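Because the structure is predicted, anything quoted here is derived from the model rather than measured. Letters A, B, ... mirror the listed sequences (proteins, then strands); counts begin at 1.
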2 protein chains.
Amino acid sequence: MARMKTVKSPWAGRDRNAEREEKREAVLHAAAEAFAERGYHRTSLDDIAARLGITKPTLYYYARNKDDLVSAVATRALDRILEAIEGDRESTALAQLQHLLRHYAEVMATDFGRCIIVVLDAHIGGPGGDLMQRGMRQIDARMRELLALGTEDGSIARGDPKLTAFMIAGALNGIARWFDEGGALSAAMVAEKFVNQLTAGLAPRR
Amino acid sequence: MARMKTVKSPWAGRDRNAEREEKREAVLHAAAEAFAERGYHRTSLDDIAARLGITKPTLYYYARNKDDLVSAVATRALDRILEAIEGDRESTALAQLQHLLRHYAEVMATDFGRCIIVVLDAHIGGPGGDLMQRGMRQIDARMRELLALGTEDGSIARGDPKLTAFMIAGALNGIARWFDEGGALSAAMVAEKFVNQLTAGLAPRR
DNA sequence: ACATGGAGTTACTAGTGAGTAACATGAAGT
DNA sequence: ACTTCATGTTACTCACTAGTAACTCCATGT
């Protein structure tokens, strides 16, 4: 990977910036991994630094502080869920909900997704933490909305949207606790099965 | 309320022991409250002591250490769930599962129940932590067993017992995250609705 | 009165971990 | 060669918290 740059733009040595971005990326990945497997408090900045073969102060060159680090990771995962929040207007509410849930589930099976939970129950404050709270609220609100719409268009059975949304979120958040990257089931398969099971329920359909 | 003891047994001043037990109880309640609302790491022993109007060393008079404290609390909750593990042999597997889930859900809505989750994701080790792990495994195993039995007796639809058990556990564990003692819904009502929703699924039954 | 020991306190140790200051190095531009 | 700046490092500070030592105090039984 030699530097092929011939025309050096006066401002912003492109290479430098690209390299820096790349490193920031590596920092976030290492952080995600560490936080995902050990939680917030049991993960020290020295741990993360060690994973990268650097020292703690260097980390501070790429992140403002510990909260910033974990928030950045979690926010990235949150955004991936939020992308799925607007479904196809033509579909039934149930189909739109299923679409959202599938994405939600898949994200929760990643290290980045796990960090959403980490941020949430470590009570990370500051702008990063607040952003997470708002994002999760937004997802919750959308789920409730789709549940309500679904009872109208007939695609979803009547029920308490608030409780049902909590139930679904709980089931999906739980994935973060047990999913194993190297296991037999891929994230997509888990997502698929969860959605089906939530949709169908336990009792047999006659 | 008053100490009505007239015959003082030579050994073991009954009063003393009773009082001590009472205090140990108060310590566990304060600990449960603290751990439930702030998690393991954000709860200091000074916090707990302060809730009781005593000092930290006094706490050590009633508990071996921090881990012992949180484990004791969680174990107590766990036992309440385990009580419901053996259902009525006459009932269908679905009914037995529902019975277990109802209890599980109700416990998760208490401070003690919340501490199960706290212990689990703070990775508390030692005898207390191991006991929790085993207990949770036992519950998981029983759920899978009932799910399998249910497909046989026809009370439960076919599905992957492992995944389904994870899904259910996730939904129920989630209760710990949001349930509000002072809210509109009682723990029993939440448990009831969760069980119904899990049983019926999202899609309408025709 | 006096000894005993249960219950609690004050004042510490020791370890850990976030965050920082100040210095080192090396590549790029002049 | 000389400066500059990005990138790291070493070596700290500072705060916090689990756990302990060594006492004080008071109720009880003799």
So does A:Lys56 reach the base of C:dG17 with its side chain, donor to acceptor, closer than 3.5 Å?
no
Measure the distance from [atom1] on [X] to [atom2] on [N] and round it to the nearest whole Å.
X	N	atom1	atom2	answer
B:Ile48	C:dG8	CD1	P	16 Å
A:Ile124	C:dA18	CD1	C1'	13 Å
A:Glu19	D:dG8	CD	C1'	13 Å
A:Leu45	D:dC14	CG	P	19 Å
B:Arg64	D:dA18	CZ	P	17 Å
B:His41	C:dT16	NE2	C1'	13 Å
B:Arg24	C:dG8	CZ	C1'	18 Å
A:Asp68	C:dA18	CG	P	14 Å

If we ignore hydrogens and angles and just use 3.5 Å, is the side chain of A:His29 paired with the main-chain N or O of A:Glu25 as donor and acceptor?
yes
Under the 3.5 angstrom rule, does the side chain of B:Arg114 hit a backbone N or O of B:Ala109 as a donor-acceptor pair?
yes
Nearest to side-chain heavy atoms of B:Tyr60, which nucleotide of C:dA18, D:dA18, D:dA11
D:dA18
Residue B:Ile54, side-chain atoms from C-beta onward, closest of C:dT9, C:dA18, D:dT10
C:dT9
So does [X] get a side-chain nitrogen or oxygen closer than 4.0 Å to the phosphate oxygens (OP1/OP2) of [N]?
X	N	value
B:Tyr61	C:dA7	yes
B:Tyr62	C:dG8	yes
A:Arg20	D:dT7	yes

Row check, B:Phe166 ring normal vs B:Arg144 NZ/CZ: under 6.0 Å, within 45°
yes
Less than 6.0 angstrom from the centroid, inside 45 degrees of the normal: does A:Lys66 satisfy that with respect to the ring of A:Phe35?
no
Between A:Pro57 and A:Arg42, just flag the one whose closest nucleotide in DNA chain C comes earlier from the 5' side.
A:Arg42
Under 4.0 angstrom, heavy atoms only, what part of the nucleic acid is [X] near: base, sugar-phosphate, or nothing?
X	value
B:Lys23	sugar-phosphate
A:Thr58	base
B:Thr55	base

Between A:Leu94, A:Leu146, A:Leu97, A:Leu149, which is the residue that forms a side chain to side chain contact (heavy atoms under 4.5 Å, CB included) with A:Ser155?
A:Leu94
